[in-house]
Amino acid sequence: MLNIARPLLLLAICCSFISNSAAQEENVKVSADTLNAEWQSTILAAIDSFPERGGYYTGGKPNALFANTTWQGLHAAYQMGINDRKPYFCPEKAQPSFCSSATYSALIKALTMWDKQGVISTEAWRNMKPYVGIADDINTEGIGQDDGEGFWGRANANGPSIAVLIHELKAGYSFTAYRGAKTLRNKESESETYLTDEEWRANPVWQHAVKGDFMKIFWNKNESKGSDCGAIIGCNDVKGDDQEAGHSVIFMGYTPDGKVTYWSSNGPGEHPELLGYSIGTCDKTYIQRVVFTRITHPERFNEVKNIAPKNVNQYLYDLNGKKHSNTAELKRQCGIK
């Protein structure tokens with residue numbers, strides 16, 4: 001198991017939503033309940049219950065390395081029968097994994113730990129189940145969920161998936177920052193600038209993140225691979241266009257020298273069977289865009305009772321091969337003012 005120290009979280013009096021499109025900063029004061037210390041501790045405890053590694057795999061079929069797929073592992077981990085009021089989520093069965101399956105799994109595990117009073121209804125729990133094409137007593141037709149469909153399809157989507165879901169449920173809030181596009185074709189306005197390393201490291205967004213926040217990283221590959229894909233939100237499947245290069249993680253703080261640490265299923269790599277659930281570290285300059293999401297009202301997950309397995313969030317659905325988004329649209333969909 002991962003052994004993660006969980007320091008006492010202090011309730012913040014106020015916070016700021018941060019955005020940085022075209023190198024502009026916007027600070028908007030928000031209400032006093034900007035941190036739910038109990039929830040932040042619970043999500044960290046949930047992470048602590050996961051095994052280390054377990055394999056990283058995005059393939060659709062078992063192979064010589066993995067006896068089952070990530071989707072099959074999720075199905076086995078989410079244990080809920082037709083007569084159960086709520087599920088038991090078994091992290092050991094959720095193997096192998098990939099980044100969005102890890103953050104989804106940690107969220108579900110945390111909710112099962114938090115909901116001691118039965119606030120979340122059975123109907124909501126059934127809708128939170130990952131429908132992965134395997135028939136059972138709840139998913140009787142064995143349907144699957146594409147990006148943007150149902151709860152799992154939202155959590156697994158391209159773009160700011162968790163942020164959109166949390167805004168939809170009114171369960172918390174998000175804040176974002178953008179270094180800017182480096183290439184002319186990806187700039188959203190003539191005034192948009194690509195911040196220097198010093199400017200980006202000094203962006204106020206980094207000061208507002210709290211251990212246990214969900215975090216969507218859009219990787220900066222300009223210097224390493226000559227790609228401006230970190231400026232892109234979603235995938236449009238147009239040949240020759242840059243496409244999103246993202247990572248769904250949970251923020252775990254900073255190293256003494258200021259590097260970002262995060263938990264997720266980390267990969268790919270040469271030996272995927274040795275990868276999976278782990279702590280990752282990167283310099284802030286490896287990130288071109290970031291969206292942090294903080295859950296403050298876990299009781300609002302009861303509203304998932306209104307998100308049927310095939311209910312579609314069109315924004316997230318379209319980011320899977322149909323269109324790109326821009327910063328303004330991302331902010332609207334995430335409720336960032």
Side-chain angles (χ1 to χ4, degrees), residues 17-22 26 28 98-101 103-104 107 124 127-128 130-132 143-178 180-181 186-189 192 205 213-219 228-238 241-249 287-297 300-301 303-337:
F17 287 131
I18 306 296
S19 65
N20 185 15
S21 179
E26 179 183 89
V28 180
F98 47 74
C99 68
S100 53
S101 81
T103 49
Y104 162 84
L107 174 59
N127 285 346
M128 279 189 265
Y131 285 68
V132 293
I143 64 172
Q145 292 169 319
D146 291 332
D147 284 13
E149 290 186 339
F151 187 88
W152 158 242
R154 284 162 165 80
N156 188 42
N158 291 326
S161 53
I162 294 290
V164 172
L165 175 59
I166 297 308
H167 176 59
E168 210 174 344
L169 296 173
K170 297 180 174 59
Y173 65 94
S174 298
F175 46 103
T176 186
Y178 177 37
N186 287 332
K187 291 184 184 295
E188 296 177 1
S189 70
E192 182 172 313
V205 75
D213 288 348
F214 286 79
M215 180 183 186
K216 176 60 183 277
I217 292 171
F218 295 78
W219 292 119
D228 202 27
C229 58
I232 305 303
I233 305 164
C235 176
N236 66 4
D237 279 354
V238 175
D241 282 2
D242 289 320
Q243 307 296 344
E244 176 184 312
H247 198 24
S248 179
V249 307
I287 299 170
Q288 195 164 343
R289 184 195 301 273
V290 64
V291 180
F292 289 103
T293 299
R294 185 170 302 160
I295 293 170
T296 53
H297 293 283
R300 293 290 301 173
F301 280 84
E303 296 306 309
V304 182
K305 65 187 179 184
N306 298 316
I307 301 179
K310 279 298 185 179
N311 176 280
V312 175
N313 180 292
Q314 197 65 46
Y315 174 70
L316 295 178
Y317 183 85
D318 288 345
L319 293 182
N320 186 27
K322 297 173 180 62
K323 61 172 282 188
H324 289 156
S325 182
N326 58 35
T327 301
E329 187 177 23
L330 177 149
K331 289 167 64 180
R332 284 196 304 273
Q333 295 291 336
C334 299
I336 301 173
K337 299 178 181 179

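Heavy-atom basis, side chains included; hydrogens, waters and symmetry copies ignored. Being a predicted model, the structure only gives us computed values, none of them experimental.
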Chemist: Are L107 and I295 close enough that some pair of their side-chain heavy atoms sits under 4.5 Å apart?
Modeler: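 SC-SC contact between L107 and I295 confirmed.
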Chemist: So N236 and K322, do their side chains get closer than 4.5 Å, heavy atoms only?
Modeler: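 No, their side chains stay 4.5 Å or more apart.
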Chemist: Working to the nearest 0.5 angstrom, can you tell me the gap between E168 CD and N313 CG?
Modeler: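 Spacing of CD (E168) from CG (N313) equals 5.0 Å.
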Chemist: Whether E244 and K216 form a salt bridge (side-chain N of Lys/Arg under 4.0 Å from carboxylate O of Asp/Glu) is what I want to check.
Modeler: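 Judged by the 4.0 Å cut-off on N to carboxylate O distance, K216 and E244 do form a salt bridge.
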Chemist: Have a look at V164 and tell me which of L319, L316, L330 forms a side chain to side chain contact (heavy atoms under 4.5 Å, CB included) with it.
Modeler: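 It is L316; the other options fail the test.
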Chemist: Roughly how far, to the nearest 0.5 Å, is CG of D242 from SG of C235?
Modeler: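 Separation between the atoms: 11.0 Å.
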Chemist: Do V291 and F218 make a side-chain contact, defined as non-hydrogen atoms from C-beta onward lying under 4.5 Å apart?
Modeler: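 Side-chain contact under 4.5 Å: yes.
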Chemist: Shortest non-hydrogen contact from V304 to A124?
Modeler: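 Smallest heavy-atom distance, with atoms named: CG1-O, 3.9 Å.
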Chemist: Would you check if the side chain of N311 reaches a backbone N or O of G150 as a donor-acceptor pair within less than 3.5 Å?
Modeler: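 It does not hold such a pair.
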Chemist: Quick one: does any side-chain atom of N127 pair with a main-chain N or O of K305 as donor and acceptor, under 3.5 Å?
Modeler: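 Flag set: sc N127 to bb K305 pair under 3.5 Å.
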Chemist: Less than 6.0 Å separating the ring centroids of W152 and Y104?
Modeler: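 Close enough - the centres of the two rings lie under 6.0 Å apart.
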Chemist: Is the shortest heavy-atom distance from the side chain of Y178 to the side chain of E192 under 4.5 Å?
Modeler: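 Yes, close enough: below the 4.5 Å cut-off.
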Chemist: For a side chain to side chain contact (heavy atoms under 4.5 Å, CB included) check, start with the C-alpha distance between D147 and Y317, then their side-chain angles and the critical distance, and finish with the verdict.
Modeler: CA-CA 5 Å; D147 284 13; Y317 183 85; 5.8 Å; no
Chemist: Could you tell me whether the side chain of R294 reaches within less than 4.5 Å of the side chain of F175, counting heavy atoms only?
Modeler: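 SC-SC contact between F175 and R294 confirmed.
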Chemist: Any side-chain heavy-atom pair from Y315 and P160 closer than 4.5 angstrom?
Modeler: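 Yes. Closest side-chain heavy atoms under 4.5 Å.
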Chemist: Could you tell me which non-hydrogen atom of D237 sits nearest to which non-hydrogen atom of Q243, and how far apart they are?
Modeler: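 Reported closest heavy-atom pair: N-NE2, 3.7 Å.
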Chemist: So L165 and F214, side chain to side chain contact (heavy atoms under 4.5 Å, CB included) or not? Walk me through it.
Modeler: CA-CA 12 Å; L165 175 59; F214 286 79; over 6 Å; no
Chemist: Where the side chain of Q145 meets the backbone of V132, is there a donor-acceptor pair that is under 3.5 Å apart?
Modeler: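 Side chain of Q145 to backbone of V132, a donor-acceptor pair under 3.5 Å: no, none is there.
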Chemist: Using a 4.5 Å cut-off on heavy atoms from C-beta on, say whether the side chain of I143 contacts that of P309.
Modeler: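 Of all side-chain heavy-atom pairs linking I143 with P309, at least one is under 4.5 Å.
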Chemist: Give a yes or no on whether the backbone of I336 and the side-chain of K331 come within a donor-acceptor separation of less than 3.5 Å.
Modeler: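 Checking the backbone N and O of I336 against the side chain of K331, no donor-acceptor pair under 3.5 Å is found.
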Chemist: Report the C-alpha separation of M215 and V290 in whole Å, then their side-chain angles, then the decisive distance to 0.1 Å, and conclude whether the side chain to side chain contact (heavy atoms under 4.5 Å, CB included) test is met.
Modeler: CA-CA 7 Å; M215 180 183 186; V290 64; 3.7 Å; yes
Chemist: Can you tell me how far CD1 of I217 sits from CD1 of I287, rounded to the nearest 0.5 angstrom?
Modeler: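 Nearest 0.5 Å value for the CD1-CD1 distance: 4.0 Å.
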Chemist: Of the non-hydrogen atoms in A181 and A231, which two are nearest, and what is the gap between them?
Modeler: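 Closest approach of A181 to A231, heavy atoms only: CB-CB, 3.9 Å.
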Chemist: Kindly compute the distance separating OG1 (T296) from NZ (K170), expressed to the nearest 0.5 Å.
Modeler: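 T296 OG1 to K170 NZ: 12.5 Å, rounded to 0.5 Å.
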Chemist: Between D318 and K323, does at least one N-O distance fall below 4.0 Å, as a salt bridge requires?
Modeler: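 Salt bridge between D318 and K323, a charged N being under 4.0 Å from a carboxylate O: no.
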Chemist: Is a side-chain donor or acceptor of R300 paired with a backbone partner of L169 at a separation under 3.5 angstrom?
Modeler: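 Side chain of R300 to backbone of L169, a donor-acceptor pair under 3.5 Å: yes, one is there.
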Chemist: Could you tell me the separation between the SG atom of C334 and the CD atom of E329, rounded to the nearest 0.5 Å?
Modeler: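 Output value for this atom pair is 10.0 Å.
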Chemist: Angle class for the F301/F151 ring planes (parallel below 30°, perpendicular above 60°, tilted otherwise)?
Modeler: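 Answer is perpendicular, since the angle exceeds 60°.
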Chemist: For the side chain to side chain contact (heavy atoms under 4.5 Å, CB included) test, which of N186, N326, N158, D241 pairs with I232?
Modeler: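 Exactly one candidate clears the test, N186.
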Chemist: For A177 and V205, which heavy atoms make the closest approach, and how far apart are they?
Modeler: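 Closest pair (atom of A177, atom of V205, distance): CB-CG1, 3.5 Å.
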Chemist: Strictly below 4.0 Å, N to O, side chains only: are R154 and E149 in salt-bridge contact?
Modeler: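 Answer for the salt bridge query: no.
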Chemist: Search all heavy atoms of E188 against all heavy atoms of R289 and return the closest pair with its distance.
Modeler: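 Of all heavy-atom pairs spanning E188 and R289, the closest is OE2-NH2, 3.8 Å.
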Chemist: Got a donor-acceptor contact below 3.5 angstrom from the Q288 side chain to the C229 backbone?
Modeler: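 Judged by distance alone, no pair lies under 3.5 Å.
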Chemist: Does F292 reach the side chain of S174, with side-chain heavy atoms less than 4.5 Å apart?
Modeler: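 Not touching, per the 4.5 Å side-chain cut-off.
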